[in-house]
Amino acid sequence: MTNSAFLPVSLEDMRSRGWYYYDFLLITGDAYVDHPSFGTAVIGRVLEADGYRVAVLAQPDWRSAKDFLAMGRPRYAALIGAGNLDSMVAHYTAAKKPRSEDFYSPGKKAGLRPDRATIVYANRVREAFPDLPVVIGGLEASLRRFAHYDYWEDKVRRPILFDARGDLLVYGMGENATREIAGRLAGGNRVQELTDIRGTGFAAATIDDCRFPYVECASCEDVSTDRRKYAEANKLQYEEHDPVRGKAILQRCGDKVLVVNPPQPPLTTKEFDRVSALPYTREVHPIYDSLGGVPAIEEVRFSVIHNRGCFGACNFCALAFHQGRMVTSRSHESLIREVEGFVKHPEFKGYIHDVGGPTANFRSPSCKSQLKNGLCRDKSCLTPTPCKNLEADHTDYLQLLRKLSAIPGVKKVFIRSGIRFDYLMADKNGEFFADLVKNHISGQLKVAPEHCVDEVLDYMGKPHHDVYTRFEEKYNRLNERYGKKQFLVPYLISSHPGSTLSDAVQLAEYLNRRGVQPEQVQDFYPTPGTLSTCMYHTGYDPRTMQPIYVPKSPREKAMQRALLQWKRPDKRQLVLEALREAGREDLIGYGKRCLVPPQRRPSGNSSKPVPQKDRNKKTGRRK
C-alpha cells in the first residue's frame, strides 16, 4: 500500500499532494496505524472528512524541537495525544519496572515515546511554535484532567492541562468536540474564546469564565494535602460525568481555575456509522515495514468495534471516566459493510477475530430512563445485584452475529473481548448463551471474576461470586451438551484495595479446590482517575467515605500475587511467608488442601526447627 493512502507524515508527503500549507498537526505517542481502533487515525480521518488538511507526527524525537518543525507550522492548531495508553502505563509494570516491549511501536521497541508524553510533546510544540494553539486529548489527557494521584511519583499531580501549558483539553471520545474546535478556529475564533464546547476543559482566570451550570470540587492544594477531600472530589467528578444531567466542574489551582465543561453526548448510531466508514487503510504505515511492523494491529485488523461505553463500571477500569457509562452502538448495516470489506483483503482467512468493544455483549443503554434522565448518581446498573430497571437482552447482538456469520467468505465469527457474565446471566432468554458456546468461542472465553470474596468484589464494583459460579456451571453444561471442549480464562486481580492477606489466601484455596491454575493474574495497578486508584491513595471508598484497608507494601503485594500462583517454584518462599503471616499453617503440608509442602530444613542442621514469624503481627485480616 502506498504512502498516499495514508495521511501525510512528512514534508515530502505533503508536497506529493500539492500541499503548501496544512491545517492541523496531529501528534501521537503511538506509531501511525490507520485503523479505527487507534484514536489518532479516527481524529485524523474525521477532520479530513470535514475538509481539513491533517498531517501526522508519530513518535517524534522529543529531545529537541527539530521533528516538530519538520513539516512547518500548521494553520490552526497542534492536536496532541500520548497514544492508546497512558504513557506511564505503556512504560512501566505495576511493580514500576520498565517494560521491555511496546506493542504500539515498530518492532515492539520500547522507549520511543517519553514518560508523560502529552506534557513533553506540548512543551516541544510551544518551543517550535510559540503562538500556535495547543489542544491535548486522548486517554492520558482524559484521565488526568483533574488533579490526580500519580502512582509513579506517589503524589497528587495538578491537572495535566497546567503542566502541558495547553489551551484546551478534550476528554472522552473526542470526535465532535474536535470538529467544533476545528470549525471555530477555521472560522476566525481565537482559541481563548472556545470556552463553551462540551467535552473540553480550559484554564480560566475566574469562575465567571464558566459558561455552563457548575459545581466546584476541592482545590488542587486541598486534594494534595487532605485525602478525604481528594476522595470527595473524585466522587463528585464521577457523579457529574454524565452527558444528560452532568454539570461543569471547577477546580481551583493556585491563581487559576480549571473549568471542565459537561461531557459531549455520545455519538448517535448514524454518527458512529459515519466515523466507522471513513477511508481507513486499516494498515500500519509503510514506514514501519523494515522495522518489524506494529504488533498492535494483529488482533484488531480483522475485528470490528460495534459499541462504545460501558455501564458495567468496574471501579478499577478507566472506561467509566473516559468513554462514559452510556452505551451506544453501530447499525447492523455498517458492520456488515465493514466485514464485507475484510473478505476482499488478501490476508483474510475467513475468521472475524472479535465483534466487541469495551464490553462485547452490550448493544444499548441499560434502561430507557437514562436517555432522558441520565445515569443514576449513586447506583450501579449491575452490582452488587442487577437494577430492577435493567433491560438484559441479547437479541440484537445475536442477530448481528448471525448476519455477520452468513456473509460469503466468513467461516467463523469469534468474540474475544471480555463479556459481562452477570449481564449474560440476567438475560432470562438462554438463546444467546447457547449460541455463544456453539459458535463464537475460539477454544477459550475470557471472563473476569477477579476474586471470590464478596467484600473485595464490592470494592471492585464486581458481582458477587455466586453469580460467577452459576455462570461457570451453565457454561460447562452447555459445552457438554454440544460436545465442546472450551475453557474459561478467568482474569484475577491481587492486592486490590480492600483485599487483605487472608482474602488472598481464601482465593488461593478456592482456586486449589477447583483445580484452577490461573494464566492471568494482575497485581492491582493504580492507573490515573479510577475509583480504585482513589481508594489506594486515600484509604477511603469514595462512594461511601468509609475507611478501607489498602495493601501497599511491596512485600504484601508480592505475597498476595504469589498466593494466586502457589504452584510456581519461584513463588514457594513467598507463599510460605504469606501463610504463616496469615496464621494459615494448616495449608502447609502434603494433603490435598495444602498449597505448599513444608520448608526444607537447612542442610546439616536437621534438628533445628524452621523459624516462624510472630503470628500476632498485623496481617490485614478482618476482625
Side-chain angles (χ1 to χ4, degrees), residues 89 94 143 149 151 231 234-235 238 310-322 325 358-359 362 366 376 378-387 418-426 446-472 488-508 510-511 516 518 520-552 556-557 560-561 563-564 620 622:
V89 175
L143 299 185
Y149 173 72
Y151 172 62
N234 191 240
K235 180 176 187 286
Y238 264 78
C310 181
F311 54 77
C314 303
N315 292 335
F316 49 80
C317 179
L319 279 166
F321 208 41
H322 179 59
R325 292 193 291 150
T359 296
F362 291 170
S366 58
C376 299
D378 56 353
K379 294 179 182 178
S380 169
C381 301
L382 285 168
T383 60
T385 57
C387 174
I419 65 164
R420 281 295 295 225
F421 58 83
D422 49 348
Y423 182 73
L424 182 60
M425 295 302 290
K446 297 175 184 177
V447 287
E450 308 296 6
H451 215 284
C452 71
V453 177
D454 287 347
E455 189 170 352
V456 178
L457 291 167
D458 286 340
Y459 288 126
M460 292 179 169
K462 299 292 290 187
H464 285 183
H465 188 64
D466 68 291
V467 182
Y468 178 72
T469 300
R470 288 188 283 109
F471 163 78
E472 184 181 39
L488 290 175
V489 179
Y491 288 174
L492 303 170
I493 295 180
S494 63
S495 305
H496 187 278
S499 173
T500 67
L501 196 58
S502 296
D503 293 326
V505 172
Q506 190 171 334
L507 179 55
Y510 166 79
L511 295 171
V516 175
Q520 303 284 342
V521 176
Q522 172 64 58
D523 193 18
F524 171 66
Y525 201 155
T527 53
T530 70
L531 291 173
S532 294
T533 296
C534 176
M535 296 178 198
Y536 176 88
H537 168 58
T538 66
Y540 291 102
D541 182 340
R543 301 167 300 175
T544 63
M545 296 309 301
Q546 294 300 307
I548 178 176
Y549 175 78
V550 180
K552 277 196 173 182
E556 181 177 356
K557 288 166 71 70
Q560 288 209 26
R561 183 182 178 98
L563 282 163
L564 307 190
R622 296 197 178 88

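His464 contributes atom NE2, which lies 12.5 Å from atom SG of Cys452 (distance to the nearest 0.5 angstrom). Between Ser494 atom OG and Gln560 atom CD the span is 6.5 Å, to the nearest 0.5 Å. For the atom pair CG of Leu531 and NZ of Lys235, the computed distance is 10.0 Å after rounding to the nearest 0.5 Å. Rounding to the nearest 0.5 Å places CZ of Phe311 at 5.5 Å from CG of Leu382. Distance check, rounded to the nearest 0.5 Å: CG of Leu501 to NZ of Lys557 gives 13.0 Å.
Counting heavy atoms from C-beta outward, Tyr525 and Ile493 have side chains that stay 4.5 Å or more apart. Considering only heavy atoms from C-beta on, Ile419 stays 4.5 Å or farther from Thr359 through its side chain. The shortest distance between side-chain heavy atoms of Tyr468 and Pro490 falls below 4.5 Å. When side chains are defined from C-beta on, Arg420 counts as touching Cys314, because their heavy atoms get closer than 4.5 Å. Under the 4.5 Å side-chain criterion, counting only non-hydrogen atoms from C-beta, Arg325 is not in contact with Cys310. Considering only heavy atoms from C-beta on, Leu143 comes within 4.5 Å of Phe321 through its side chain. Using a 4.5 Å heavy-atom threshold, the side chains of Leu511 and Leu564 count as touching. Two residues are said to be in side-chain contact when any heavy atoms from C-beta on lie closer than 4.5 Å; Val456 and Glu450 fail this criterion.
A donor-acceptor contact shorter than 3.5 Å is absent between the side chain of Thr533 and the backbone of Pro528. The main-chain N or O of His465 is found under 3.5 Å from a side-chain atom of Asp454 such that the two form a donor-acceptor pair. Without hydrogens or angle criteria, Thr544 side chain to Gln546 main chain gives a donor-acceptor distance under 3.5 Å. Between the side chain of Lys462 and the backbone N or O of Ala448, at least one donor-acceptor pair lies under 3.5 Å.
Here the shortest heavy-atom pairing between Met545 and Tyr540 reads O-CD2, 3.6 Å. Nearest heavy-atom pair, Cys534 versus Ala231, reported as atom, atom and distance to 0.1 Å: SG-CA, 3.6 Å. The minimum heavy-atom distance linking Gly539 with Val550 is given by the pair CA-CG2, 4.1 Å. Residues Pro449 and Leu457 come closest through the heavy atom pair O-CD2, 3.2 Å. Scanning all heavy atoms of the two residues, the minimum distance from Met535 to Asp541 falls at CE-OD1, 3.7 Å. Between Ser380 and Cys387 the shortest heavy-atom distance is O-CB, 4.3 Å.
Ring-plane geometry between Phe524 and Tyr536 is classed as tilted, the angle between the planes lying from 30 to 60 degrees on a 0 to 90 degree scale.
Salt-bridge check for Arg561 with Asp523: failed, with every basic side-chain N at 4.0 Å or more from each acidic carboxylate O.
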Next on the checklist: Between Asn234 and Tyr149, does the side-chain contact (heavy atoms from CB on, under 4.5 Å) criterion hold? Intermediate values first, please.
Outcome noted: CA-CA 10 Å; Asn234 191 240; Tyr149 173 72; over 6 Å; no
Next on the checklist: Let's go through Ser532 and His496 carefully: what are the C-alpha distance in whole Å and the side-chain angles of both, what is the deciding distance for side-chain contact (heavy atoms from CB on, under 4.5 Å) to 0.1 Å, and is it a yes or a no?
Outcome noted: CA-CA 8 Å; Ser532 294; His496 187 278; 2.8 Å; yes
Next on the checklist: As a quick check of understanding, evaluate side chain to side chain donor-acceptor pair (under 3.5 Å) for Thr469 and Asp466, giving each step before the final call.
Outcome noted: CA-CA 5 Å; Thr469 300; Asp466 68 291; over 6 Å; no
Next on the checklist: Is there a side-chain contact (heavy atoms from CB on, under 4.5 Å) between Phe471 and Val447? Walk through the geometry before answering.
Outcome noted: CA-CA 10 Å; Phe471 163 78; Val447 287; 3.8 Å; yes
Item to check | Residue pair Asn315, Thr530: steps toward the side-chain contact (heavy atoms from CB on, under 4.5 Å) verdict | outcome: CA-CA 6 Å; Asn315 292 335; Thr530 70; over 6 Å; no
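In this view, His451 satisfies the ring-ring contact (aromatic ring centres under 6.0 Å, His included) rule with no residue, not counting sequence neighbours.
Between His537 and Tyr151, the distance separating the two ring centers is not shorter than 6.0 angstrom.
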